[in-house]
Protein chains: 2
Amino acid sequence: MVNVGKRSGRPRAGEERLSREAILTAALRIVDDEGIDALTMRRLAATLQVNPMSLYHHLPNKAAVLAGLAELVFAGLELPDPGDAVPWDEQLKEAARAYRNGLRQHPNLALQVLSDTSAVSDVVVVTMEPFYRALDRAGLEPRQIFEAANTLIDFIHGFSLGEASVRAETFELAPDLLTRVRALPADKAPTLKRIVGGLGVEGLAYDFDGGFESGLSTLTAGIAATARRR
Amino acid sequence: MVNVGKRSGRPRAGEERLSREAILTAALRIVDDEGIDALTMRRLAATLQVNPMSLYHHLPNKAAVLAGLAELVFAGLELPDPGDAVPWDEQLKEAARAYRNGLRQHPNLALQVLSDTSAVSDVVVVTMEPFYRALDRAGLEPRQIFEAANTLIDFIHGFSLGEASVRAETFELAPDLLTRVRALPADKAPTLKRIVGGLGVEGLAYDFDGGFESGLSTLTAGIAATARRR
DNA sequence: CTCCTAATCCATACGTTGTACGATTATGTA
DNA sequence: TACATAATCGTACAACGTATGGATTAGGAG
């Protein structure tokens with residue numbers, strides 16, 4: 001079969017249409033714009049105006065594309081470090097807020113990023129440096145720093161997972177969850193029902209920002225207690 | 001085409017080969033044994049000795065199967081409630097441990113369970129009752145109880161996600177992560193490098209149980225501080 | 001008992017997906 | 001110039017989810 005419209009074969013120097021980065025960038029745009037299910041190798045190749053099989057010379061398979069996207073998101077993270085200008089707990093919170101915000105940049109990718117452990121490379125660990133700095137200033141020992149950082153990171157991951165899931169769904173069930181709780185038989189969850197009763201009307205819409213800050217305060221308070229105990 | 005081997009048509013009462021539960025049970029076994037990717041409608045039908053299309057009379061599509069699995073796992077959760085026999089923080093920890101263990105029962109399903117918000121139904125909220133009971137005993141106000149419970153749950157989710165991901169992967173990168181950190185240039189992450197230096201050799205293998213307990217202690221300490229502040 | 005309806009299951013088929021294989025063409029090195 | 005290598009393309013295949021429609025038969029209505 002003769003090639004009529006497009007050129008085939010190896011392109012001239014400087015005319016390569018593809019590269020790992022170009023592919024990943026295009027993939028990220030597709031995922032951000034249309035969701036993770038819209039990302040197929042064919043669709044990706046089409047937006048790059050390239051034959052689907054050409055992608056496989058730069059990435060071994062689709063899993064590698066997804067892993068590369070997770071890596072890309074992590075690489076884009078930059079946690080600020082206000083340093084000694086603020087108390088250690090504020091330093092810690094500021095880095096945590098930035099981490100959460102970074103994960104929120106690409107909600108359609110959250111699940112992939114949070115579950116892809118191959119993305120847990122040197123890059124990621126190094127990114128967390130501000131966490132270790134702040135915890136060091138708090139007066140923790142090495143092992144305590146390590147564990148406290150992991151606890152904080154786990155909280156952020158769990159929080160981000162919930163946040164991303166709610167945004168991804170049709171947002172139908174969540175809003176009226178509390179009203180349905182009110183309708184539960186009293187013997188099933190008495191404490192829960194009492195709590196909901198004491199929440200007031202404004203409690204019906206969950207406040208993600210407030211929830212996150214509350215978690216941060218609880219964690220820093222707990223870490224402070226550990227530091228005080230030596 | 002005449003049906004020779006198998007029976008066809010509507011089965012006699014009580015002789016139905018399929019049901020929502022039977023399908024989900026078989027699906028759960030496949031996922032547990034061979035991973036989430038092994039679950040296809042054809043494979044599922046084969047293990048039930050049934051035509052693939054028969055499944056669609058009990059579940060509308062594959063997404064419903066996955067959602068049903070998440071629901072199944074949640075329904076199987078039972079958080080113990082030692083009640084007033086122990087201090088509130090131990091009561092809280094005990095429920096948290098049970099929650100984590102419940103999620104660990106089906107590691108191949110963790111991602112699905114943790115990200116499927118449609119599973120966040122009445123059942124789930126009611127399951128969390130021991131959390132609310134313990135936090136109530138701690139002396140928190142309704143809104144604080146709500147927020148503290150969410151923080152704890154988010155931590156458990158994040159922790160479980162990491163735990164499941166590591167188990168699911170080939171377990172190649174994680175073990176030598178710390179050794180690679182040691183090899184990093186000193187100016188990239190000085191605090192991290194110092195912490196790792198102070199961890200000792202046994203720190204190279206991450207201790208999930210220890211990490212979880214550490215997180216629980218940090219959280220309960222933080223909650224106690226909130227309770228003390230009124 | 002007879003007819004109708006609805007439940008259950010099956011056979012076939014379609015469009016889409018990831019990607020294996022081989023051919024084609026340019027580059028860089030010997 | 002000769003040749004290994006790299007980048008792209010064309011074709012093809014197996015597996016997937018599931019739409020459609022038909023076959024069989026249990027159970028309810030008359």
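The chains referred to below are lettered A, B, ... by the order of the sequence lines, with proteins before strands, and numbering in each begins at 1.
Atom OH in A:Tyr132 sits 8.5 Å away from atom CD1 in B:Ile195 (nearest 0.5 Å). B:Met53 contributes atom CE, which lies 9.5 Å from atom CZ of B:Arg42 (distance to the nearest 0.5 angstrom).
Remark: B:Ser54 is not in phosphate contact with C:dT8, judged by side-chain N or O atoms under 4.0 Å from OP1 or OP2. For B:His57 and C:dC10, the shortest distance from a side-chain N or O to OP1 or OP2 is not below 4.0 Å.
Within residues 19-28 of chain A, no residue has any heavy atom closer than 4.0 Å to DNA chain D.
Atom CG of A:Asn51 is separated from atom P of C:dT19 by 15 Å (rounded to the nearest Å). Between the NZ atom of B:Lys62 and the P atom of C:dT16 there is a distance of 19 Å, rounded to whole Å. Residue A:Leu66 contributes atom CG, which lies 10 Å from atom P of C:dT19 at whole-angstrom precision. The interatomic distance linking B:Leu55 (CG) with D:dC16 (P) rounds to 13 Å, in whole Å. Note: CE (B:Met41) to P (C:dT17) measures 19 Å, nearest angstrom. Distance, B:Leu44 CG to D:dT18 P: 12 Å, rounded to whole Å. When rounded to the nearest whole Å, the span between CG of A:Leu39 and C1' of C:dG18 equals 12 Å. Whole-Å rounding puts the B:His58 NE2 to C:dT8 C1' distance at 7 Å.
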Residue pair B:Phe155, A:Phe155: steps toward the ring pair (Phe, Tyr, Trp, His ring centres under 6.0 Å) verdict: CA-CA 4 Å; B:Phe155 164 68; A:Phe155 164 68; 8.7 Å; no

Apply salt bridge (charged side-chain N to carboxylate O under 4.0 Å, His left out) to the pair A:Glu213 and A:Arg97, showing each step before the final yes or no. CA-CA 9 Å; A:Glu213 288 299 323; A:Arg97 292 185 190 111; 2.7 Å; yes

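Checking D:dA12, D:dT18, D:dC9 against every side-chain atom of A:Arg42, the shortest atom distance belongs to D:dA12. Nearest to the side chain of B:Met53, among C:dC9, C:dA11, C:dT17, sits C:dA11. Side chain of B:Thr40, nearest nucleotide from D:dG17, C:dT17, C:dC10: D:dG17.
Across A:His157 and A:Leu103, no two heavy atoms sit closer than the pair CD2-CD1, 4.3 Å.
At least one cation-pi condition fails for A:Arg100 and A:Phe159: the charged atom is not both under 6.0 angstrom from the six-membered ring centre and inside a 45 degree cone around its axis.
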I'd like a table of donor-acceptor pairs (distance under 3.5 Å, sequence neighbours excluded) in which one partner is a side-chain atom from residues 55-67 of chain B, with atom names and distances.
unit_1, atom_1, unit_2, atom_2, d
B:Asn61, OD1, B:Ala63, N, 3.3
B:Asn61, OD1, B:Ala64, N, 3.0
B:Lys62, NZ, B:Leu39, O, 2.8

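The terminal axes of the helix from C:dC1-D:dG30 to C:dA30-D:dT1, fitted over 5 pairs per end, subtend an angle of 0° to the nearest 10°.
At a threshold of 4.5 Å between non-hydrogen side-chain atoms, the residues B:Asp116 and A:Ser165 do not count as touching.
A salt bridge is absent between A:Lys193 and B:Glu129: the closest approach of a Lys/Arg side-chain nitrogen to an acidic carboxylate oxygen does not fall below 4.0 angstrom.
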